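Each remark here refers to the structure printed beneath this line.
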Protein chains: 2
Amino acid sequence: MTLSIGLLAKAADVKVPTIRFYEEIGLLPEPQRAANDRRVYDVGAVRRLAFIRHARQLGFSVEAIRNLLDLSDNPERPCGEANALAARQLDDVEAKIAQLETLRGELRRMVAATCDGRAADCRVIEALAG
Amino acid sequence: MTLSIGLLAKAADVKVPTIRFYEEIGLLPEPQRAANDRRVYDVGAVRRLAFIRHARQLGFSVEAIRNLLDLSDNPERPCGEANALAARQLDDVEAKIAQLETLRGELRRMVAATCDGRAADCRVIEALAG
DNA sequence: CTTGATCCTCTAGTGGCTAGAGGATGCATG
DNA sequence: CATGCATCCTCTAGCCACTAGAGGATCAAG
């Protein structure tokens, strides 16, 4: 059972050009080509692409994903690196959340003080200026 | 009292090329030039740049900041737009926080299940693949 | 046989800067 | 007054992870 790029895209819920892009940067291997030069994928490609997509959704960079795929491709290697990557990613996410919560606080104060007059007296503008 | 671009950068805690960039995209007006062609700023530029910097830190896009600056420049205009922008920004931030909290949960599970064996049995890899 | 979807390659654009080349000027020290 | 280093100028290119579009070939359905 083989898939066209369009079917692969649907199967992994990724856009077609994104697949070509991942191939270009080496996250996906160059697939076989049919006689008409079209890319032909197998089920392994769906798994790999889903892996990438999931990792991207978790905020892993392409570089991190490259490492994770590398480990996934070499199951006999120790997985310390994968743990480290996940831990670092968790740190990043927690830092981002903390920062966004600060922003949320400030924005809430701005929004709560909503004014209906002229910009001259606008709390939002004021908050940004001050 | 006037400032060089370097002093303005220090005063507003922004890098020099960023100032030139903001000028290029029209967030900052073209400043006067000294005889030697160097940019010369006044105190108003510090306020404007600080406004921009603060808004960027809050996650406002350049387009949103353009609108906010426009309002700030025309204080007789109603400030409904500023309120709307702030509200939208707050929504965005809250959505981002919610998404990141989901990711955090997943990453925490991955990290908690840390394994010390081979990648073949790695929970992190497994979680990404599954 | 025609229509519309899908595929191909290639180039350029997005946002918000950042880095670097290559050169002119300014300021402090010897 | 010379030296050397900081700062300034313009311009181009790069970052990340895609996305959009041109221009053309091929395919499947009616």
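Lettering follows sequence order; numbering is per chain, from 1. Just so it is clear, the model here is predicted, and its values are computed rather than measured.
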Going by heavy atoms in the side chains, are A/Tyr41 and A/Thr2 under 4.5 Å from each other? no
Rounded to whole Å, the NZ-C1' distance (A/Lys15 to D/dG21) equals 14 Å
Are A/Leu28 and A/Leu7 linked, directly or through intermediate hydrophobic residues, by side-chain heavy-atom contacts shorter than 4.5 Å (ILVMFWY only)? yes
Separation of A/Asp37 atom CG from D/dT26 atom P, in whole Å? 9 Å
Distance test, side-chain N/O of B/Arg56 to OP1/OP2 of C/dG16, below 4.0 Å: yes
Check the pair B/Arg66 / B/Glu63 against salt bridge (charged side-chain N to carboxylate O under 4.0 Å, His left out), numbers first and verdict last. CA-CA 5 Å; B/Arg66 217 186 284 280; B/Glu63 267 320 291; 2.9 Å; yes
OP1 or OP2 of D/dT19 sitting under 4.0 Å from any side-chain N/O of A/Thr18? yes
Length of the line joining A/Ile19:CD1 and C/dC8:P, which is rounded to integer Å: 9 Å
Rounding to an integer number of Å, can you tell me how far B/Arg38 CZ sits from C/dA24 C1'? 8 Å
Does OP1 or OP2 of D/dC18 have a side-chain N or O of A/Arg53 closer than 4.0 Å? no
Between P of C/dA5 and NZ of A/Lys10, the distance in whole Å: 11 Å
Side-chain heavy atoms nearer than 4.5 Å, only ILVMFWY residues, links allowed to pass through others: does that put B/Val14 and B/Val43 together? no
